[in-house]
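In what follows, a structure is listed as structure tokens, so that the remarks can point back to it.
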Amino acid sequence: MGTLNRRRFIAASTISLLAAPHIARAQAPTIMKLGTATINDPQHDWVKIFARHVDSASNGAIKTEIYPASQLGSIPRMIEGTQLGTVQAWIGPPEFLTGIDARFSVLGAPNLFVDTNHAQLTLQQPAFATAYAALGGNKGLRAIGLYATSPAMFTFRSKVENLDGFKGKKIRVFASAWQTEPLKALGATAVPMSLAEVLPALQQGTLDGVMSTISQFTTLRFYDAAPFAVDAGHAQVSIVTVASKRWYDGLSPALQKVVDEAGRKASAEIVAPNAAFVREQDGVWAQNKGTITRLSPAESSELRKMLDPMAARITQGKPEETAMYDLLVKAAKETRPT
């Protein structure tokens with residue numbers, strides 16, 4: 001090679017190195033299995049948005065694989081796999097993580113949010129978001145995504161038009177004090193139960209109702225057995241994504257940043273499609289002869305008074321849970337619409 005050609009080669013090589021991506025493509029990419037129990041809904045969409053950002057920003061160093069509809073097992077098995085590192089991330093309602101750390105389910109606290117948009121702003125408030133992301137760190141988890149999905153609602157086998165209608169009812173909830181305690185105040189019986197058992201229990205009359213979201217009511221076709229929904233306006237439902245801390249800690253700092261940034265972006269980008277999906281489910285519910293009753297202003301005020309003491313009772317003697325709840329309340333006040 002002549003002197004001139006050699007200089008050109010060196011110059012071209014130098015330019016190529018300077019222009020190379022910050023994260024070099026790995027010889028064998030790190031696999032990131034993402035599991036969720038649902039399919040073709042905002043949870044599934046969040047995963048797809050997240051995967052797109054990770055695949056792009058990691059330059060192929062992380063290869064995402066999406067497993068919806070419980071392909072990786074039941075929710076408890078997916079969470080266990082995430083703790084162990086055989087699953088790299090799980091997405092779903094934080095109440096499923098209550099047994100790992102009760103602070104995860106504080107998002108279901110009543111009387112905090114004006115609406116879903118207010119809840120979303122609260123969850124993204126920096127101080128709260130940072131504290132929440134650290135939950136589960138000593139149990140093998142790291143929260144990498146969080147968004148508010150829709151109001152918590154009830155649906156019943158028989159029509160319920162006011163608070164008195166809750167008395168004596170057996171209602172399926174998550175095994176979280178933030179869901180069981182309000183039902184006790186209403187004179188109802190809270191029944192924690194796996195999702196697969198809910199529809200048969202409604203059909204057989206073992207359950208009188210379910211507390212969840214309109215989206216779950218429609219996708220699981222609860223309108224056939226329990227078509228009478230009640231929007232109590234007392235709480236919002238959120239969705240969290242937790243990554244395996246063992247897997248995350250094994251990434252380079254640059255790839256950890258990719259994962260964190262992708263989680264933040266997905267949690268922001270899901271807001272509009274999630275809102276559109278929820279509006280669509282209202283229509284699906286109505287088309288299938290489901291009804292929605294909203295409490296009167298007087299009933300709503302009475303319910304608020306009944307639920308106000310809940311937080312103090314649930315967090316009593318639990319300083320860490322109290323601190324997380326207080327941080328959530330502070331964030332909700334700062335982001336409350338004027």
Side-chain angles (χ1 to χ4, degrees), residues 93-99 102-116 118-119 122 148-193 198 201-202 205-214 216-217 222 226 228-238 292-329 332-333 336:
E95 285 79 7
F96 283 107
L97 302 170
T98 300
R103 291 174 293 175
F104 274 113
S105 60
V106 73
L107 305 180
N111 295 352
L112 286 184
F113 307 118
V114 174
D115 54 23
T116 305
H118 178 213
T122 300
T149 180
S150 61
M153 296 177 65
F154 301 88
T155 198
F156 295 98
R157 285 163 45 88
S158 57
K159 196 169 184 62
V160 171
E161 297 182 298
N162 51 45
L163 296 180
D164 281 342
F166 282 78
K167 292 178 180 177
K169 294 287 194 297
K170 299 183 293 294
I171 302 173
R172 186 264 181 175
V173 296
F174 291 123
S176 161
W178 296 103
Q179 293 200 359
T180 59
E181 288 299 319
L183 287 187
K184 290 180 184 177
L186 286 164
T189 300
V191 184
M193 179 183 291
V198 174
L202 287 170
T206 308
L207 281 180
D208 299 304
V210 181
M211 177 180 170
S212 187
T213 64
I214 189 68
Q216 190 169 85
F217 296 163
F222 285 169
F228 302 104
V230 177
D231 183 357
H234 69 297
Q236 294 286 324
V237 175
S238 301
I292 299 178
T293 297
R294 290 178 171 82
L295 297 180
S296 68
E299 291 265 310
S300 295
S301 178
E302 182 181 349
L303 178 60
R304 178 170 289 276
K305 290 176 183 176
M306 291 171 64
L307 299 184
D308 270 341
M310 292 289 106
R313 185 151 65 243
I314 292 169
T315 61
Q316 185 176 12
K318 304 170 186 174
E320 291 185 341
E321 196 168 351
T322 299
M324 183 59 66
Y325 174 75
D326 289 344
L327 196 58
L328 180 63
V329 171
K333 288 179 179 177
R336 190 177 183 87

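Starting from 1, each residue takes its place in the sequence as its number. Excluded from the calculations below are hydrogen atoms, water molecules and symmetry mates; all remaining heavy atoms, backbone and side chain alike, are included.
The main-chain N or O of R304 is found under 3.5 Å from a side-chain atom of N111 such that the two form a donor-acceptor pair. A donor-acceptor pair under 3.5 Å is absent between the side-chain atoms of E299 and the main chain of N162, judged by distance alone. A donor-acceptor pair is defined here as one N or O able to donate and one able to accept, closer than 3.5 Å; no such pair exists between the side chain of T98 and the backbone of S176.
Using cut-offs of 30° and 60° for the angle between ring planes, the F154 and H234 rings count as parallel.
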ask   = Could you walk me through whether T315 and E321 pass the side-chain hydrogen bond (donor to acceptor under 3.5 Å, both in side chains) check?
value = CA-CA 6 Å; T315 61; E321 196 168 351; over 6 Å; no
F222/V198 under side chain to side chain contact (heavy atoms under 4.5 Å, CB included): CA gap, chis, key distance, verdict
CA-CA 9 Å; F222 285 169; V198 174; 3.6 Å; yes
- Message: Applying side chain to side chain contact (heavy atoms under 4.5 Å, CB included) to I214 and I292, what does each step give before you reach the verdict?
- Response: CA-CA 10 Å; I214 189 68; I292 299 178; 4.3 Å; yes
List the steps and the verdict of side chain to side chain contact (heavy atoms under 4.5 Å, CB included) for L207 and V191. CA-CA 8 Å; L207 281 180; V191 184; 3.9 Å; yes
Output, in order, the C-alpha distance, side-chain angles, deciding distance and verdict of side chain to side chain contact (heavy atoms under 4.5 Å, CB included) for F228 and T293.
CA-CA 8 Å; F228 302 104; T293 297; over 6 Å; no
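Side-chain atoms of F166 and V160, non-hydrogen and from C-beta on, do get closer than 4.5 Å to each other. In this structure, the side chains of S105 and L97 stay at 4.5 Å or more apart for every pair of heavy atoms. Counting only heavy atoms from C-beta outward, the side chains of L202 and V210 approach each other to under 4.5 Å. Counting heavy atoms from C-beta outward, Q216 and V237 have side chains that stay 4.5 Å or more apart.
Checked for salt-bridge contact, D308 and K305 miss the test: no charged N lies under 4.0 Å from a carboxylate O.
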